[in-house]
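All remarks here apply to the structure that follows.
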Amino acid sequence: GCMEILAGRLQALDFSCEFINRNGVTNLWARRGTAKPLFVFAGHTDVVPTGALESWSHGPFDATIRDGVLYGRGACDMKGGLAAAIIAVETYIDHHPDFPGAIEISGTVDEESGGFGGVAQVLEGIREAITAGLTPIKVNAVVKRGVNDHTVVDLVEHFRGTGVIVRVIEYMDVGNR
């Protein structure tokens with residue numbers, strides 16, 4: 001499915017791709033290069049439950065373009081962002097094929113359900129990057145009130161004293177309301 005499509009596109013750019021199967025889901029970890037600096041794009045391909053179908057202005061399983069705007073479940077969170085990251089990497093590599101450094105892209109499947117498979121792999125990768133001296137490392141965390149805002153303190157505490165820079169970004173609903 002989705003992960004194989006992403007891997008195919010990244011392998012065409014000389015990324016090595018690893019499929020990580022944890023807790024019944026398949027996650028993708030892709031890397032190009034081994035030198036510093038390391039830039040990581042972390043994305044996810046799962047979506048939240050649809051909720052009441054009558055609340056949707058367009059069917060949640062339909063991809064509809066109206067007035068130049070794509071409507072569909074997961075288009076903003078986070079399929080569009082992951083696609084934009086891959087296109088940005090393709091463009092960067094096209095203009096800078098011999099750049100010094102490395103790029104990683106992760107596609108996890110459990111961000112919306114607790115992050116106990118793919119997100120754990122990302123955290124393991126961050127620990128390995130710290131050990132390898134690939135610093136500074138920055139973590140961008142999207143926080144939505146009433147959904148995961150209760151996890152911010154734990155996230156900050158997790159990285160306290162590690163040198164990892166944690167940036168908290170407020171979630172803005174641009175979806176179906």
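Side chain of K36 to main chain of G133: a donor-acceptor pair is present (N/O by atom type, distance under 3.5 Å, no hydrogens or angles). Under the 3.5 Å distance criterion, the side-chain polar atoms of H95 are matched with a main-chain donor or acceptor of T91.
Side-chain atoms of I137 and I126, non-hydrogen and from C-beta on, do get closer than 4.5 Å to each other. By the 4.5 Å heavy-atom criterion applied to side chains, L28 and C17 are counted as neighbours. Counting only heavy atoms from C-beta outward, the side chains of R167 and I165 approach each other to under 4.5 Å. At least one side-chain heavy atom of I93 sits under 4.5 Å from a side-chain heavy atom of F15.
Minimum heavy-atom separation, P37 to P100: CD-O, 3.6 Å.
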* Asked: Yes or no on side chain to side chain contact (heavy atoms under 4.5 Å, CB included) for T26 and I20, after CA distance, side-chain angles and deciding distance?
  -> CA-CA 6 Å; T26 300; I20 301 152; over 6 Å; no
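Here the straight-line distance linking atom CD of Q11 with atom CD of E4 works out to 10.0 Å at 0.5 Å rounding. One finds the CG atom of L6 at 5.5 Å from the CG atom of L82 (value rounded to the nearest 0.5 Å). Here the straight-line distance linking atom CZ of F39 with atom CD1 of I103 works out to 8.5 Å at 0.5 Å rounding. Summarising the geometry, atom CZ belonging to F159 is positioned 8.5 Å from atom CZ belonging to R127; distances are rounded to the nearest 0.5 Å.
A salt bridge (Lys or Arg N to Asp or Glu O under 4.0 Å) check over residues 93-108, counting only residues at least two apart or in different chains, returns the pairs R31-E104.
By the salt bridge (charged side-chain N to carboxylate O under 4.0 Å, His left out) test, E90 pairs with R9, sequence neighbours left out.
Following chains of ILVMFWY side-chain contacts shorter than 4.5 Å, one cannot reach V40 starting from I87, and the two form parts of different hydrophobic clusters.
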